[in-house]
Amino acid sequence: RQHARCEILEPIHLPMVVRPRRWRTPYWGGYLTKRPGLRLVKQWNAAYHEDLRSHPMPEVYRAINAIQETPWRINRPVLDVMRAVWDGGGNLGKLPRREDEELPAKPADVDENEDALKRWKAAAAEVHQRNARSLSKRLAVSQRLWIAQKFVDEEAIYFPHELDFRGRVYPIPVGGPHPQGDDSAKALIEFADGKPLGPGGGGWLAVHLANLFGVDKVSFEDRLDWVIENQEAILDSGRNPLDGQRFWATADSPYCALAACIEWAGYADEGEDFVSRIPIALDG
């Protein structure tokens with residue numbers, strides 16, 4: 001019980017509702033107020049930061065500032081579906097079960113049958129282990145939904161970023177939805193500034209859809225064909241995510257697939273003028 005209490009006391013960094021402070025030195029950027037331990041680079045060596053200060057790095061600062069100044073917003077339709085699934089007990093689209101799995105019933109002859117007692121203890125131990133493993137996942141989903149609900153009415157949110165010692169860029173607030181999270185974390189956000197898909201965007205959206213369903217080791221043409229072959233199920237997922245066939249839930253990345261299905265339904269209705277807001281991942 002004490003562990004459970006301590007877990008909810010750990011402070012978490014949140015997204016911002018104004019543009020982050022631009023990084024100009026290794027010591028202060030991102031959040032508008034200084035926070036202990038926050039530096040441009042996740043590195044505790046003070047001499048390293050002092051050395052970094054003396055090096056002009058205009059491209060590095062320009063890159064990280066461009067990333068953290070990109071406005072996002074909560075994807076409300078995905079949040080509504082995820083909230084309904086979670087409130088209903090979870091366990092759809094790879095969400096964990098919301099409640100612990102029940103222990104197996106104790107055999108009636110457990111007091112006289114030693115073999116039955118051993119089998120029951122072994123089965124109960126497996127359930128205890130599964131429940132322990134899923135605890136952190138349940139806490140993560142609950143926290144993620146709380147943060148998404150907190151920011152759902154904001155027109156734009158921002159993720160201040162930092163670097164690791166290799167120069168790779170990471171968001172600082174990772175307790176809720178964020179651009180580098182797992183499936184449900186990424187699906188809960190979309191770009192605040194949408195763009196019409198135009199003449200080429202529909203094709204890229206189709207490639208993205210196929211990728212999310214695991215059809216990613218074939219040519220782009222084959223991925224487009226797969227989307228056309230499955231268009232009825234994709235449109236059903238976009239228009240009736242919980243009351244329809246739930247095709248989205250069979251994807252490798254179910255909630256990102258749901259977001260893409262919703263976009264595809266919009267594209268089917270409005271064509272090239274449809275304003276899209278979801279990011280399409282490309283392998284660097």
Side-chain angles (χ1 to χ4, degrees), residues 14-20 62-84 93 144-145 147-161 169 171 173-174 176-213 220 223-224 227-228 231 234-242 247-248 251 253-284:
L14 295 176
M16 299 176 66
V17 295
V18 296
R19 292 185 183 275
R62 188 160 58 245
I64 191 170
N65 289 332
I67 292 171
Q68 69 177 13
E69 288 174 3
T70 300
W72 299 80
R73 72 179 190 180
I74 300 299
N75 189 322
R76 189 184 292 268
V78 173
L79 173 60
D80 290 343
V81 172
M82 200 179 298
R83 179 88 262 174
R144 187 169 295 159
L145 289 172
I147 292 175
Q149 194 67 51
K150 180 180 178 68
F151 289 92
V152 70
D153 293 323
E154 299 291 342
E155 293 183 1
I157 59 176
Y158 301 88
F159 295 91
H161 279 66
V169 190
V174 294
H178 66 94
Q180 294 186 27
D182 62 14
D183 171 55
S184 61
K186 288 188 289 190
L188 281 168
I189 55 174
E190 60 185 4
F191 291 128
D193 299 330
K195 297 276 184 73
L197 280 176
W204 279 109
L205 180 58
V207 169
H208 179 60
L209 255 171
N211 291 344
L212 294 170
F213 278 87
F220 284 168
R223 295 180 224 190
L224 294 173
V227 170
I228 299 304
Q231 176 155 259
I234 291 170
L235 292 175
D236 177 71
S237 286
R239 293 165 178 163
N240 304 290
L242 292 178
F247 181 59
W248 62 270
S253 301
Y255 286 96
C256 283
L258 171 61
C261 288
I262 294 171
E263 295 266 311
W264 188 260
Y267 174 58
D269 292 338
E270 301 178 30
E272 296 179 3
D273 294 331
F274 174 71
V275 176
S276 178
R277 297 176 183 273
I278 64 170
I280 290 177
L282 294 175
D283 191 333

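Here, residue 1 is the first one in the sequence, and each next residue gets the next number.
- Put simply, CG on L258 and CG on N75 are 8.0 Å apart, with the number rounded to the nearest 0.5 Å.
- Across all their heavy atoms, P160 and Q68 have their closest contact at CA-OE1, 3.4 Å.
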Evaluate D153 against R76 for side-chain contact (heavy atoms from CB on, under 4.5 Å), listing each step before the verdict. CA-CA 9 Å; D153 293 323; R76 189 184 292 268; 2.7 Å; yes
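- Taking each heavy atom of A260 and L209 in turn, the nearest pair found is CB-CD2, 3.7 Å.
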One pair to check against side-chain contact (heavy atoms from CB on, under 4.5 Å): E263 and F274. What are the steps and the verdict? CA-CA 9 Å; E263 295 266 311; F274 174 71; 3.5 Å; yes
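- Rounding to the nearest 0.5 Å places SG of C256 at 4.5 Å from CG of D183.
- Formation of a donor-acceptor pair under 3.5 Å by the S276 side chain with backbone atoms of L197 is not found in this model.
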Is there a side-chain contact (heavy atoms from CB on, under 4.5 Å) between D269 and R239 once you walk through the steps? CA-CA 11 Å; D269 292 338; R239 293 165 178 163; 2.9 Å; yes
Show, in sequence, the C-alpha distance, side-chain angles and deciding distance for L205 and I278, and conclude whether the side-chain contact (heavy atoms from CB on, under 4.5 Å) test is met. CA-CA 9 Å; L205 180 58; I278 64 170; 4.0 Å; yes
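- In terms of heavy-atom proximity, P177 sits nearest to I74 at CG-CD1, 4.4 Å.
- Between Y255 and W248, the ring center distance clears the sub-6.0 Å criterion.
- Residue D193 comes nearest to P71 through the heavy atom pair OD2-CG, 3.4 Å, listed as atom of the first residue, atom of the second, then distance.
- Interatomic distance, Q180 CD to K186 NZ, rounded to the nearest 0.5 Å: 9.0 Å.
- The two residues F159 and P15 make their nearest non-hydrogen contact at CE2-CG, 3.8 Å.
- Going from atom CD1 of I262 over to atom CD1 of I234 covers 13.0 Å, rounded to the nearest 0.5 Å.
- Listed by chain and number, the residues in a salt bridge (charged side-chain N to carboxylate O under 4.0 Å, His left out) with R73 are E190 (sequence neighbours excluded).
- The minimum heavy-atom distance between P171 and H178, with the atom names listed, is CG-ND1, 3.6 Å.
- Checked by atom type and distance alone, the side chain of R19 pairs as donor or acceptor with a backbone atom of E69 at under 3.5 Å.
- The aromatic rings of F220 and W204 lie perpendicular to each other, with more than 60° between the two planes, well past the 30° mark.
- L188 contributes atom CG, which lies 10.5 Å from atom CD1 of I147 (distance to the nearest 0.5 angstrom).
- Between the OH atom in Y158 and the CD1 atom in I67 there is a gap of 15.5 Å [rounded to 0.5 Å].
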